[in-house]
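Beneath this line is the structure, given in structure tokens, with notes to follow.
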Amino acid sequence: MTTIFSRIVKFSIAYPVTRGMASYAVIWPTGCLIQQVAFGDDEFDLARAARFGLFGAFYVAPTLNAWLTVARYLYPKNDLRSAIIKALIEQVTYSPCAMVSFHFGMSLLEGKTVSEAKKEVEKKFLPTYKVGIIVWPILQVFNYTMISEKNRIPFVSLCSLAWSSFLAYMNHNNKKKDKILVTK
């Protein structure tokens, strides 16, 4: 058993994006399930949680790894000034793309058409971005100044537990209203 664990550790060191992918594969669906419990869904929607896991692991983690690599190259220092600059740049580059991709990608994973996915983005991007622009700069300044480089993606993925619950709410909130309107 120790050799299997040591191989996993060696693999994650050799391919650091895999740690983020593994984290997001667990944390994002967990955030989705937390949202379902918090808002009183009658039963778990495991398919929705699985979509969150797929999107988190195979899209968010690799793109976040790429962003952190670029940010580290552009601003290699781990001082407060560089951290603030990286966090602010992230809010005008990575974050908008990530939020558009989330709403668009989740819509496609739900089986919606491209035009329906575009409507989801138009409706939900700005409210999501307004919350993200308050939350993420603070977390990222902390991440860039206090967390070691090798643990930045796992740290962000832990922060993403709350964020993915919020995204699950944003993704699902109108669906519940639509369901109520249809049954009335």
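Everything numeric in this text was worked out from a predicted model, so none of it was measured. For the single chain, residues carry numbers from 1 onward in sequence order.
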### Query
Side chains of V70 and Y94: closer than 4.5 Å at any heavy-atom pair?
no
### Query
For A49 and P29, which heavy atoms make the closest approach, and how far apart are they?
O-CB, 3.1 Å
### Message
Using modelled atom types and a 3.5 Å cut-off, is there a donor and acceptor pairing between side-chain atoms of K124 and backbone atoms of M170?
### Response
yes
### Message
Please determine whether residues V135 and I147 belong to a single hydrophobic cluster, defined as Ile, Leu, Val, Met, Phe, Trp and Tyr linked transitively by side-chain heavy-atom distances below 4.5 Å.
### Response
yes
### ring-ring contact (aromatic ring centres under 6.0 Å, His included), paired with F52, selected from Y59, F102, F58, W163
F102
### In one Ile/Leu/Val/Met/Phe/Trp/Tyr side-chain cluster, 4.5 Å: L80, M146
no
### Query
Taking the side chain from Q36 and the backbone from D45, do they hold a donor-acceptor pair closer than 3.5 Å?
yes
### Message
Regarding R152 and Q140, do their side chains bring together a donor and an acceptor under 3.5 Å, going by distance alone?
### Response
no
### Query
Does I85 reach the side chain of R81, with side-chain heavy atoms less than 4.5 Å apart?
yes
### Query
Do H172 and D41 come within less than 4.5 Å of each other through their side chains, counting heavy atoms only?
yes
### Query
Does one side chain, of S107 or E110, offer a donor that lies under 3.5 Å from an acceptor on the other?
no
### Query
With no hydrogens and no angle check, is any side-chain donor or acceptor of K150 less than 3.5 Å from a backbone partner on I13?
no
### Query
Where does the angle between the aromatic ring planes of F11 and Y15 fall among parallel (under 30°), tilted (30 to 60°) and perpendicular (over 60°)?
tilted
### Query
When you measure from the side chain of S82 to the backbone N and O of N78, does any donor-acceptor pair fall under 3.5 Å?
no
### Message
We want to know whether Y24 and S164 form a side-chain donor-acceptor pair, criterion being a heavy-atom distance below 3.5 angstrom.
### Response
no
### Query
Would you say F166 and F39 are hydrophobically clustered, going by side-chain heavy atoms of ILVMFWY under 4.5 Å?
yes
### Message
Tell me the closest heavy-atom pair linking W136 and C159, and the distance in Å.
### Response
CH2-CB, 3.8 Å
### Query
Just by distance, with hydrogens left out, do E90 and Y144 show a side-chain donor and acceptor under 3.5 Å apart?
yes
### Note, F55 side chain near R51 side chain (heavy atom, < 4.5 Å)
no
### Message
Contact between F142 and I138 at the side-chain level, heavy atoms closer than 4.5 Å - yes or no?
### Response
no
### Message
Set out, in order, the CA-CA distance, both residues' side-chain angles and the distance that settles salt bridge (charged side-chain N to carboxylate O under 4.0 Å, His left out) for E120 and K123, then state yes or no.
### Response
CA-CA 5 Å; E120 284 286 304; K123 183 169 59 173; 3.8 Å; yes
### Query
Does L54 reach the side chain of W28, with side-chain heavy atoms less than 4.5 Å apart?
no
### Task
Considering non-hydrogen atoms only, spot the tightest contact between T145 and A83 and give its length.
CG2-CB, 3.4 Å
### Message
Tell me whether Q91 contacts the main-chain N or O of L88 through its side chain, where contact means a donor paired with an acceptor under 3.5 Å.
### Response
no
### Least distance between heavy atoms, H103 atom then V121 atom
CB-CG2, 3.9 Å
### Path from V37 to Y169 over hydrophobic side-chain contacts below 4.5 Å
no
### Query
Can L64 be reached from F155 by stepping across I, L, V, M, F, W or Y side chains whose heavy atoms are under 4.5 Å apart?
yes
### Task
Give a yes or no on whether the backbone of Y75 and the side-chain of K86 come within a donor-acceptor separation of less than 3.5 Å.
yes
### Message
Using every non-hydrogen atom in the two residues, find where R48 and A168 come nearest and quote the distance to one decimal.
### Response
NH1-O, 3.9 Å
### Summary
Nearest heavy-atom contact between S160 and I27 is C-CG2, 4.1 Å
